[in-house]
Amino acid sequence: MAAVKPISPFRLSSLLRLQKDPNIALQLFQNPNPTTQRSKPFRYTLLSYDLIISKLGRAKMLDEIEQILLQLKQDTRIIPKEIIFCNVITYYGRARLPSRALQLFEEMPSFRCERTIKSVNSLLNAFLKCRDFDKMREFFVGIGKYARPDTCSYNILIHSCCVRGSVDHAWELFDEMLKRGLCPNLVTFGTLIYGLCSSLRTKEAFKLKEDMVRVYGIWPNAHVYASLIKGLCGVGELSAALTCKEEMVKTKMKLDSAIYSTLIDGLLKVGRKNEAFGLLEEMESNGCKPDTVTFNVMINWHCKNNDFEAAYRVLDEMADKGCRPDVISYNVIIGGLCRDEKISEANDLFDDMRRRGCVPDVLSYRILFDGFCNGKQFKEAAFILDEMLFHGYAPRCASLHKFINGLCDEGNSELLWTVLNSLGQGNAIDSDSWGMAISLFCNGDKLPAKLVDALSTT
DNA sequence: CTAGGGTTAG
(Lines give C-alpha, C1' and ligand atoms only; values in the text may rest on other atoms or scores of the structure.)
Protein backbone atom coordinates (compact mmCIF):
# COMPACT_ATOMS: atom_id res chain seq x y z
CA MET A 1 0.00 0.00 0.00
CA ALA A 2 1.38 3.39 -0.98
CA ALA A 3 2.10 5.60 1.97
CA VAL A 4 0.50 9.04 2.08
CA LYS A 5 3.09 11.66 1.33
CA PRO A 6 3.92 13.35 4.63
CA ILE A 7 3.18 17.02 5.11
CA SER A 8 6.26 19.18 4.78
CA PRO A 9 6.90 22.13 7.10
CA PHE A 10 6.30 24.41 4.14
CA ARG A 11 2.98 22.77 3.31
CA LEU A 12 1.85 22.99 6.94
CA SER A 13 1.96 26.78 6.67
CA SER A 14 -0.26 26.80 3.57
CA LEU A 15 -2.72 24.45 5.25
CA LEU A 16 -2.78 26.58 8.41
CA ARG A 17 -3.39 29.66 6.34
CA LEU A 18 -6.39 28.06 4.65
CA GLN A 19 -7.91 26.52 7.77
CA LYS A 20 -10.69 28.72 9.13
CA ASP A 21 -11.47 26.69 12.24
CA PRO A 22 -8.92 27.45 14.98
CA ASN A 23 -9.45 24.08 16.68
CA ILE A 24 -8.75 22.12 13.52
CA ALA A 25 -5.77 24.37 12.81
CA LEU A 26 -4.47 23.58 16.29
CA GLN A 27 -4.84 19.82 15.75
CA LEU A 28 -3.09 20.13 12.43
CA PHE A 29 -0.26 22.05 14.04
CA GLN A 30 0.14 19.62 16.92
CA ASN A 31 0.04 16.54 14.75
CA PRO A 32 0.77 17.34 11.11
CA ASN A 33 1.44 13.72 10.11
CA PRO A 34 -0.80 11.42 12.14
CA THR A 35 -0.32 8.40 9.84
CA THR A 36 3.44 8.43 9.46
CA GLN A 37 5.77 7.15 12.12
CA ARG A 38 7.44 9.83 14.12
CA SER A 39 11.04 8.95 13.45
CA LYS A 40 12.30 12.50 13.76
CA PRO A 41 10.70 15.63 15.16
CA PHE A 42 8.73 17.85 12.80
CA ARG A 43 10.71 20.95 11.85
CA TYR A 44 8.25 23.79 12.34
CA THR A 45 8.92 27.06 10.55
CA LEU A 46 8.69 30.50 12.09
CA LEU A 47 5.78 31.18 9.74
CA SER A 48 3.78 28.23 11.03
CA TYR A 49 4.23 29.42 14.62
CA ASP A 50 3.16 32.89 13.57
CA LEU A 51 0.08 31.60 11.75
CA ILE A 52 -1.18 29.32 14.51
CA ILE A 53 -0.69 31.98 17.18
CA SER A 54 -2.61 34.63 15.21
CA LYS A 55 -5.40 32.13 14.51
CA LEU A 56 -5.70 31.19 18.16
CA GLY A 57 -5.44 34.84 19.18
CA ARG A 58 -8.36 35.88 17.01
CA ALA A 59 -10.37 33.05 18.59
CA LYS A 60 -9.27 34.22 22.08
CA MET A 61 -7.81 30.76 22.79
CA LEU A 62 -5.17 32.07 25.17
CA ASP A 63 -4.38 28.87 27.05
CA GLU A 64 -3.72 27.13 23.76
CA ILE A 65 -1.40 29.99 22.79
CA GLU A 66 0.47 29.45 26.03
CA GLN A 67 1.14 25.85 24.98
CA ILE A 68 2.42 26.92 21.56
CA LEU A 69 4.65 29.53 23.17
CA LEU A 70 6.14 26.90 25.46
CA GLN A 71 6.99 24.81 22.42
CA LEU A 72 8.41 27.85 20.64
CA LYS A 73 10.61 28.62 23.61
CA GLN A 74 12.12 25.14 23.47
CA ASP A 75 12.49 25.15 19.69
CA THR A 76 15.91 26.79 19.77
CA ARG A 77 16.41 26.66 15.98
CA ILE A 78 13.84 29.44 15.73
CA ILE A 79 14.49 33.12 16.39
CA PRO A 80 10.97 34.51 16.74
CA LYS A 81 10.08 37.97 15.47
CA GLU A 82 9.03 40.60 17.97
CA ILE A 83 5.66 41.12 16.28
CA ILE A 84 4.48 37.71 17.55
CA PHE A 85 4.96 38.90 21.13
CA CYS A 86 3.38 42.28 20.40
CA ASN A 87 0.32 40.44 19.15
CA VAL A 88 0.05 38.08 22.12
CA ILE A 89 0.52 40.97 24.55
CA THR A 90 -2.36 42.68 22.74
CA TYR A 91 -4.52 39.55 23.11
CA TYR A 92 -3.82 39.52 26.86
CA GLY A 93 -4.78 43.18 27.03
CA ARG A 94 -8.06 42.50 25.26
CA ALA A 95 -8.77 39.63 27.64
CA ARG A 96 -8.06 41.97 30.58
CA LEU A 97 -5.07 39.96 31.74
CA PRO A 98 -2.44 42.63 32.44
CA SER A 99 -0.22 40.40 34.59
CA ARG A 100 0.08 37.81 31.86
CA ALA A 101 0.91 40.56 29.37
CA LEU A 102 3.69 41.77 31.65
CA GLN A 103 4.92 38.24 32.29
CA LEU A 104 5.26 37.51 28.58
CA PHE A 105 7.09 40.79 28.05
CA GLU A 106 9.54 39.83 30.78
CA GLU A 107 10.06 36.37 29.28
CA MET A 108 10.86 37.60 25.78
CA PRO A 109 14.66 37.31 26.12
CA SER A 110 14.31 33.61 26.99
CA PHE A 111 12.65 33.26 23.57
CA ARG A 112 15.83 34.69 21.96
CA CYS A 113 13.83 37.78 21.05
CA GLU A 114 14.99 41.34 21.50
CA ARG A 115 12.60 43.88 23.01
CA THR A 116 12.24 47.20 21.25
CA ILE A 117 9.88 50.10 21.70
CA LYS A 118 7.24 48.10 19.79
CA SER A 119 6.71 45.48 22.48
CA VAL A 120 7.08 48.17 25.14
CA ASN A 121 4.22 50.06 23.51
CA SER A 122 2.13 46.90 23.17
CA LEU A 123 2.49 46.40 26.90
CA LEU A 124 1.63 50.02 27.68
CA ASN A 125 -1.48 49.70 25.57
CA ALA A 126 -2.44 46.41 27.22
CA PHE A 127 -2.30 48.19 30.59
CA LEU A 128 -4.45 50.96 29.14
CA LYS A 129 -7.01 48.45 27.83
CA CYS A 130 -7.21 46.99 31.34
CA ARG A 131 -7.52 50.51 32.79
CA ASP A 132 -4.51 49.69 34.93
CA PHE A 133 -3.22 53.26 35.09
CA ASP A 134 -0.94 52.66 38.06
CA LYS A 135 0.93 49.87 36.30
CA MET A 136 1.12 52.06 33.23
CA ARG A 137 2.72 54.94 35.06
CA GLU A 138 5.06 52.67 36.97
CA PHE A 139 6.17 51.01 33.74
CA PHE A 140 6.60 54.30 31.91
CA VAL A 141 8.85 55.65 34.67
CA GLY A 142 11.24 52.73 34.16
CA ILE A 143 10.78 52.56 30.39
CA GLY A 144 14.38 53.68 29.76
CA LYS A 145 15.59 50.20 30.73
CA TYR A 146 14.13 48.87 27.50
CA ALA A 147 13.87 51.64 24.96
CA ARG A 148 13.41 55.33 24.31
CA PRO A 149 9.73 56.28 24.17
CA ASP A 150 8.51 57.32 20.72
CA THR A 151 5.47 59.15 19.38
CA CYS A 152 3.39 55.98 19.71
CA SER A 153 4.26 55.67 23.42
CA TYR A 154 3.12 59.23 24.00
CA ASN A 155 -0.04 58.66 21.99
CA ILE A 156 -0.93 55.77 24.30
CA LEU A 157 -0.25 57.90 27.39
CA ILE A 158 -2.25 60.80 25.96
CA HIS A 159 -5.09 58.39 25.26
CA SER A 160 -5.00 57.18 28.85
CA CYS A 161 -5.41 60.76 30.10
CA CYS A 162 -8.31 61.30 27.71
CA VAL A 163 -10.24 58.22 28.85
CA ARG A 164 -9.77 59.41 32.43
CA GLY A 165 -11.19 62.77 31.47
CA SER A 166 -8.01 64.73 32.24
CA VAL A 167 -7.41 66.47 28.94
CA ASP A 168 -5.23 69.07 30.63
CA HIS A 169 -2.83 66.34 31.66
CA ALA A 170 -2.91 65.10 28.07
CA TRP A 171 -1.80 68.56 26.93
CA GLU A 172 1.11 68.43 29.37
CA LEU A 173 2.20 65.16 27.80
CA PHE A 174 1.87 66.74 24.39
CA ASP A 175 4.26 69.54 25.45
CA GLU A 176 6.60 66.98 26.97
CA MET A 177 6.82 64.99 23.75
CA LEU A 178 7.61 68.13 21.78
CA LYS A 179 10.36 68.98 24.28
CA ARG A 180 11.84 65.54 23.76
CA GLY A 181 11.98 66.21 20.04
CA LEU A 182 9.18 63.81 19.10
CA CYS A 183 6.84 64.80 16.27
CA PRO A 184 3.10 64.54 16.86
CA ASN A 185 1.24 62.75 14.06
CA LEU A 186 -2.34 62.23 12.90
CA VAL A 187 -3.01 59.78 15.75
CA THR A 188 -1.77 62.30 18.34
CA PHE A 189 -4.16 64.96 17.09
CA GLY A 190 -6.99 62.49 16.65
CA THR A 191 -6.58 61.38 20.25
CA LEU A 192 -6.42 64.91 21.65
CA ILE A 193 -9.49 65.93 19.65
CA TYR A 194 -11.25 62.82 20.95
CA GLY A 195 -10.36 63.84 24.51
CA LEU A 196 -11.55 67.41 24.06
CA CYS A 197 -14.81 66.24 22.50
CA SER A 198 -15.45 63.68 25.26
CA SER A 199 -15.04 66.51 27.75
CA LEU A 200 -17.53 68.50 25.65
CA ARG A 201 -14.83 71.09 24.87
CA THR A 202 -15.82 71.23 21.21
CA LYS A 203 -14.62 74.80 20.66
CA GLU A 204 -11.07 73.81 21.57
CA ALA A 205 -11.40 70.65 19.51
CA PHE A 206 -12.22 72.67 16.40
CA LYS A 207 -9.36 75.04 17.16
CA LEU A 208 -6.99 72.07 17.26
CA LYS A 209 -8.43 70.72 14.01
CA GLU A 210 -7.47 74.05 12.39
CA ASP A 211 -4.05 74.14 14.04
CA MET A 212 -3.05 70.63 13.03
CA VAL A 213 -3.38 71.70 9.40
CA ARG A 214 -2.01 75.23 9.82
CA VAL A 215 0.96 74.46 12.07
CA TYR A 216 1.78 70.84 11.28
CA GLY A 217 0.35 70.35 7.80
CA ILE A 218 -1.55 67.27 8.95
CA TRP A 219 -5.09 66.92 7.56
CA PRO A 220 -7.95 65.50 9.64
CA ASN A 221 -9.28 62.08 8.68
CA ALA A 222 -12.51 60.21 9.41
CA HIS A 223 -11.40 59.40 12.98
CA VAL A 224 -11.08 63.10 13.72
CA TYR A 225 -14.46 63.86 12.18
CA ALA A 226 -16.15 61.05 14.10
CA SER A 227 -14.95 62.55 17.39
CA LEU A 228 -16.04 66.02 16.36
CA ILE A 229 -19.47 64.82 15.23
CA LYS A 230 -19.99 62.87 18.43
CA GLY A 231 -18.90 65.86 20.49
CA LEU A 232 -21.31 68.14 18.67
CA CYS A 233 -24.16 65.65 19.13
CA GLY A 234 -23.24 65.49 22.80
CA VAL A 235 -23.71 69.24 23.23
CA GLY A 236 -26.89 69.21 21.18
CA GLU A 237 -25.46 70.92 18.11
CA LEU A 238 -26.92 68.56 15.54
CA SER A 239 -26.85 71.08 12.72
CA ALA A 240 -23.13 71.66 13.22
CA ALA A 241 -22.64 67.89 13.24
CA LEU A 242 -24.44 67.63 9.90
CA THR A 243 -22.28 70.47 8.57
CA CYS A 244 -19.22 68.43 9.53
CA LYS A 245 -20.52 65.59 7.44
CA GLU A 246 -21.03 67.97 4.50
CA GLU A 247 -17.46 69.15 4.93
CA MET A 248 -16.27 65.56 4.60
CA VAL A 249 -18.25 65.19 1.38
CA LYS A 250 -16.86 68.46 0.03
CA THR A 251 -13.29 67.41 0.72
CA LYS A 252 -13.97 64.05 -0.98
CA MET A 253 -13.55 62.03 2.20
CA LYS A 254 -15.31 58.71 2.39
CA LEU A 255 -18.19 58.58 4.84
CA ASP A 256 -17.94 55.30 6.75
CA SER A 257 -20.36 53.47 9.02
CA ALA A 258 -18.91 55.13 12.15
CA ILE A 259 -19.79 58.58 10.81
CA TYR A 260 -23.29 57.46 9.84
CA SER A 261 -23.92 55.57 13.10
CA THR A 262 -22.91 58.57 15.18
CA LEU A 263 -25.17 60.91 13.25
CA ILE A 264 -28.13 58.53 13.17
CA ASP A 265 -27.80 58.00 16.91
CA GLY A 266 -27.57 61.73 17.54
CA LEU A 267 -30.63 62.47 15.41
CA LEU A 268 -32.71 59.71 17.00
CA LYS A 269 -31.81 60.91 20.48
CA VAL A 270 -33.24 64.35 19.80
CA GLY A 271 -36.31 62.94 18.09
CA ARG A 272 -35.38 63.77 14.48
CA LYS A 273 -36.57 60.37 13.34
CA ASN A 274 -37.20 61.11 9.68
CA GLU A 275 -33.72 62.54 9.12
CA ALA A 276 -32.21 59.55 10.89
CA PHE A 277 -34.01 57.11 8.63
CA GLY A 278 -33.07 59.28 5.67
CA LEU A 279 -29.40 58.88 6.58
CA LEU A 280 -29.85 55.14 6.96
CA GLU A 281 -31.12 55.01 3.37
CA GLU A 282 -28.41 57.36 2.19
CA MET A 283 -25.66 55.21 3.64
CA GLU A 284 -26.94 52.14 1.82
CA SER A 285 -27.22 53.99 -1.47
CA ASN A 286 -23.70 55.35 -0.91
CA GLY A 287 -22.44 51.79 -0.75
CA CYS A 288 -21.73 52.01 2.97
CA LYS A 289 -23.14 48.91 4.65
CA PRO A 290 -24.64 49.28 8.13
CA ASP A 291 -22.63 47.23 10.63
CA THR A 292 -23.28 45.91 14.12
CA VAL A 293 -22.96 49.36 15.68
CA THR A 294 -25.42 50.89 13.20
CA PHE A 295 -27.92 48.14 13.95
CA ASN A 296 -27.34 48.56 17.68
CA VAL A 297 -28.23 52.24 17.35
CA MET A 298 -31.53 51.20 15.77
CA ILE A 299 -32.14 48.51 18.40
CA ASN A 300 -31.50 51.04 21.14
CA TRP A 301 -34.01 53.45 19.68
CA HIS A 302 -36.71 50.79 19.34
CA CYS A 303 -36.13 49.69 22.92
CA LYS A 304 -36.38 53.27 24.17
CA ASN A 305 -39.81 53.29 22.54
CA ASN A 306 -40.64 49.93 24.15
CA ASP A 307 -41.11 48.54 20.63
CA PHE A 308 -39.48 45.17 21.22
CA GLU A 309 -41.05 43.56 18.16
CA ALA A 310 -39.16 46.09 16.05
CA ALA A 311 -35.97 45.39 18.00
CA TYR A 312 -36.32 41.66 17.33
CA ARG A 313 -36.90 42.45 13.65
CA VAL A 314 -33.54 44.25 13.59
CA LEU A 315 -31.93 41.10 15.00
CA ASP A 316 -33.53 39.13 12.15
CA GLU A 317 -32.36 41.68 9.61
CA MET A 318 -28.83 41.37 10.97
CA ALA A 319 -28.96 37.61 10.52
CA ASP A 320 -30.22 38.09 6.94
CA LYS A 321 -27.40 40.47 6.14
CA GLY A 322 -24.73 38.31 7.76
CA CYS A 323 -24.04 40.76 10.57
CA ARG A 324 -23.57 39.11 13.96
CA PRO A 325 -25.32 40.73 16.93
CA ASP A 326 -22.83 41.38 19.71
CA VAL A 327 -23.14 41.60 23.47
CA ILE A 328 -24.37 45.20 23.20
CA SER A 329 -27.21 44.23 20.85
CA TYR A 330 -28.46 41.79 23.46
CA ASN A 331 -27.76 43.94 26.52
CA VAL A 332 -29.81 46.77 25.07
CA ILE A 333 -32.87 44.58 24.47
CA ILE A 334 -32.51 42.77 27.80
CA GLY A 335 -32.25 46.13 29.55
CA GLY A 336 -35.29 47.47 27.71
CA LEU A 337 -37.37 44.42 28.59
CA CYS A 338 -36.37 44.73 32.25
CA ARG A 339 -37.33 48.41 32.30
CA ASP A 340 -40.70 47.42 30.84
CA GLU A 341 -41.04 44.77 33.55
CA LYS A 342 -40.90 41.90 31.07
CA ILE A 343 -38.35 40.10 33.19
CA SER A 344 -39.00 36.56 32.11
CA GLU A 345 -38.75 37.56 28.47
CA ALA A 346 -35.47 39.28 29.32
CA ASN A 347 -34.26 36.10 30.97
CA ASP A 348 -35.21 34.08 27.88
CA LEU A 349 -33.18 36.40 25.67
CA PHE A 350 -30.27 36.11 28.08
CA ASP A 351 -30.35 32.33 27.62
CA ASP A 352 -30.77 32.80 23.87
CA MET A 353 -27.69 34.96 23.53
CA ARG A 354 -25.57 32.29 25.15
CA ARG A 355 -27.07 29.58 22.94
CA ARG A 356 -26.07 31.72 19.97
CA GLY A 357 -22.51 31.90 21.20
CA CYS A 358 -22.51 35.43 22.54
CA VAL A 359 -20.77 35.57 25.92
CA PRO A 360 -22.52 37.81 28.49
CA ASP A 361 -20.35 40.51 30.01
CA VAL A 362 -20.49 42.17 33.41
CA LEU A 363 -23.21 44.52 32.22
CA SER A 364 -25.44 41.67 31.00
CA TYR A 365 -25.41 40.19 34.50
CA ARG A 366 -25.95 43.52 36.20
CA ILE A 367 -28.89 44.42 33.97
CA LEU A 368 -30.62 41.13 34.63
CA PHE A 369 -29.81 41.16 38.35
CA ASP A 370 -31.25 44.66 38.66
CA GLY A 371 -34.29 43.57 36.68
CA PHE A 372 -35.00 40.69 39.04
CA CYS A 373 -34.45 42.88 42.10
CA ASN A 374 -36.81 45.56 40.81
CA GLY A 375 -39.40 42.87 40.20
CA LYS A 376 -38.79 41.52 43.71
CA GLN A 377 -37.88 38.14 42.23
CA PHE A 378 -35.13 37.59 44.74
CA LYS A 379 -34.73 33.88 44.20
CA GLU A 380 -33.99 34.45 40.53
CA ALA A 381 -31.79 37.41 41.43
CA ALA A 382 -29.78 35.22 43.79
CA PHE A 383 -29.33 32.66 41.04
CA ILE A 384 -27.93 35.24 38.60
CA LEU A 385 -25.81 36.75 41.34
CA ASP A 386 -24.22 33.40 42.00
CA GLU A 387 -23.40 32.92 38.35
CA MET A 388 -22.08 36.44 38.09
CA LEU A 389 -19.73 35.93 41.03
CA PHE A 390 -18.61 32.65 39.54
CA HIS A 391 -17.47 34.55 36.45
CA GLY A 392 -15.58 37.02 38.62
CA TYR A 393 -18.03 39.89 38.16
CA ALA A 394 -19.59 41.95 40.95
CA PRO A 395 -22.95 43.74 41.06
CA ARG A 396 -23.18 47.50 41.41
CA CYS A 397 -23.12 48.63 45.01
CA ALA A 398 -26.55 50.27 44.85
CA SER A 399 -28.09 47.10 43.39
CA LEU A 400 -26.65 45.01 46.17
CA HIS A 401 -28.16 47.37 48.74
CA LYS A 402 -31.53 47.08 47.08
CA PHE A 403 -31.25 43.32 46.99
CA ILE A 404 -30.27 42.93 50.63
CA ASN A 405 -32.90 45.46 51.68
CA GLY A 406 -35.47 43.46 49.78
CA LEU A 407 -34.48 40.24 51.48
CA CYS A 408 -34.55 41.98 54.86
CA ASP A 409 -38.02 43.39 54.18
CA GLU A 410 -39.24 39.94 53.28
CA GLY A 411 -37.50 38.50 56.31
CA ASN A 412 -35.95 35.93 54.02
CA SER A 413 -32.98 35.19 56.24
CA GLU A 414 -32.38 31.79 54.72
CA LEU A 415 -31.71 33.15 51.23
CA LEU A 416 -29.80 36.08 52.70
CA TRP A 417 -27.55 33.61 54.52
CA THR A 418 -26.72 31.72 51.33
CA VAL A 419 -26.13 34.88 49.37
CA LEU A 420 -23.84 36.40 52.00
CA ASN A 421 -21.74 33.28 51.91
CA SER A 422 -21.21 33.54 48.15
CA LEU A 423 -20.57 37.25 48.40
CA GLY A 424 -18.03 36.75 51.14
CA GLN A 425 -16.23 34.12 49.13
CA GLY A 426 -16.29 36.27 46.01
CA ASN A 427 -14.99 39.25 47.98
CA ALA A 428 -17.77 41.22 46.35
CA ILE A 429 -19.41 43.03 49.20
CA ASP A 430 -18.90 46.51 50.60
CA SER A 431 -19.06 47.44 54.27
CA ASP A 432 -22.46 49.17 54.05
CA SER A 433 -24.05 46.03 52.67
CA TRP A 434 -22.43 44.02 55.41
CA GLY A 435 -23.82 46.39 57.98
CA MET A 436 -27.30 46.10 56.58
CA ALA A 437 -27.11 42.36 56.49
CA ILE A 438 -25.67 42.07 59.94
CA SER A 439 -28.45 44.17 61.42
CA LEU A 440 -30.86 41.47 60.31
CA PHE A 441 -29.09 39.01 62.54
CA CYS A 442 -29.56 40.50 65.98
CA ASN A 443 -27.27 37.97 67.60
CA GLY A 444 -23.81 38.56 66.25
CA ASP A 445 -22.59 35.32 67.78
CA LYS A 446 -24.72 33.39 65.31
CA LEU A 447 -22.57 34.57 62.39
CA PRO A 448 -20.42 31.95 60.79
CA ALA A 449 -16.71 32.49 61.32
CA LYS A 450 -16.08 33.11 57.63
CA LEU A 451 -18.47 36.06 57.59
CA VAL A 452 -17.00 37.55 60.73
CA ASP A 453 -13.55 37.32 59.15
CA ALA A 454 -14.74 38.98 55.99
CA LEU A 455 -16.46 41.68 58.00
CA SER A 456 -13.36 42.52 59.96
CA THR A 457 -11.31 42.95 56.79
CA THR A 458 -13.81 45.21 55.03
C1' DC B 1 -1.77 42.96 13.87
C1' DT B 2 2.98 48.79 18.72
C1' DA B 3 -1.09 53.91 18.95
C1' DG B 4 -6.65 57.23 17.48
C1' DG B 5 -13.26 57.50 15.96
C1' DG B 6 -19.13 55.36 16.23
C1' DT B 7 -23.64 51.69 19.72
C1' DT B 8 -25.49 49.56 26.18
C1' DA B 9 -26.91 51.07 32.52
C1' DG B 10 -26.77 54.63 36.36
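Heavy-atom basis, side chains included; hydrogens, waters and symmetry copies ignored. Within every chain, numbering begins at 1; the chains are lettered A, B, ... in the order of the sequence lines, protein sequences first and strands thereafter.
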Would you mind reading off the distance between [X] atom [atom1] and [N] atom [atom2], rounded to a whole angstrom?
| X | N | atom1 | atom2 | value |
| --- | --- | --- | --- | --- |
| A:L228 | B:dG5 | CG | P | 13 Å |
| A:F139 | B:dA3 | CZ | C1' | 15 Å |
| A:H302 | B:dT7 | NE2 | C1' | 14 Å |
| A:M248 | B:dG6 | CE | P | 14 Å |
| A:L182 | B:dA3 | CG | P | 18 Å |
| A:L208 | B:dG5 | CG | C1' | 15 Å |
| A:L280 | B:dT7 | CG | P | 16 Å |
| A:N300 | B:dT8 | CG | C1' | 7 Å |

With sequence neighbours excluded, tell me which residues meet salt bridge (charged side-chain N to carboxylate O under 4.0 Å, His left out) with [X].
| X | value |
| --- | --- |
| A:D150 | none |
| A:D134 | none |
| A:R100 | A:D63, A:E66 |

Completion exercise
Sorted by chain and number, sequence neighbours left out, side chain to side chain contact (heavy atoms under 4.5 Å, CB included) with A:T243 holds for none

Problem - Counterpart residues, side chain to side chain contact (heavy atoms under 4.5 Å, CB included), relative to A:T202 (two or more places apart) - result: A:L232, A:V235

Kindly state which residues belonging to [range] come within less than 4.0 angstrom of DNA chain B, counting heavy atoms of the residue only, listed by number.
| range | answer |
| --- | --- |
| residues 251-275 of chain A | A:D256, A:S257, A:A258, A:I259, A:S261, A:T262, A:D265, A:K269 |
| residues 145-174 of chain A | A:C152, A:N155, A:I156, A:H159 |
| residues 120-131 of chain A | A:N121, A:S122, A:N125 |
| residues 314-353 of chain A | A:I328, A:N331, A:V332 |
| residues 362-381 of chain A | A:L363 |

Please tabulate, for the side chains in residues 276-283 of chain A, all donor-acceptor contacts under 3.5 angstrom to protein atoms that are two or more places apart in sequence or on a different chain.
unit_1 : atom_1 : unit_2 : atom_2 : d
A:E282 : OE1    : A:K245 : NZ     : 3.2
A:E282 : OE2    : A:K245 : NZ     : 3.1
A:E282 : OE2    : A:Y260 : OH     : 2.6

Handout entry: No-H, no-angle donor-acceptor pair, A:N296 side chain to B:dG6 base, under 3.5 Å
Key = no

Can [X] and [Y] be counted as having a side-chain donor-acceptor contact under 3.5 angstrom?
| X | Y | result |
| --- | --- | --- |
| A:N87 | A:D50 | no |
| A:D291 | A:S257 | yes |
| A:S344 | A:N347 | no |
| A:S48 | A:S13 | no |

Practice task
Could you tell me whether A:Y154 and A:F174 have their ring centroids closer than 6.0 angstrom?
Solution key: no

Problem - Phosphate-side-chain proximity, A:K304 and B:dA9, N/O vs OP1/OP2 below 4.0 Å - result: yes

Problem - N/O (side chain, A:K230) to phosphate O (OP1/OP2, B:dG6) under 4.0 Å - result: yes

Problem - Charged N-O contact under 4.0 Å between A:D370 and A:K402 - result: no

Problem - Ion pair check, A:K269 and A:D265, cut-off under 4.0 Å - result: yes

Exercise for the section: Please work out which of the three classes, parallel, tilted or perpendicular, describes the rings of A:Y393 and A:H391, given edges at 30° and 60°. Expected result: parallel

Exercise for the section: Answer yes or no: is there a donor N or O on one side and an acceptor on the other, between the side chain of A:R396 and the main chain of A:R366, under 3.5 Å? Expected result: no

Problem - Pairwise P distance for B:dG6 and B:dC1, with rounding to whole Å - result: 16 Å

Exercise for the section: Would you mind listing every salt bridge (Lys or Arg N to Asp or Glu O under 4.0 Å) that reaches into residues 193-208 of chain A, with sequence neighbours excluded? Expected result: A:D168-A:R201, A:R201-A:E204, A:K207-A:D211

Practice task
Looking only at side-chain atoms of A:R94, point me to the closest of B:dC1, B:dT7, B:dG10.
Solution key: B:dC1

Completion exercise
For A:M253 and A:N221, the nearest pair of non-hydrogen atoms, with its separation, is CE-C, 3.3 Å

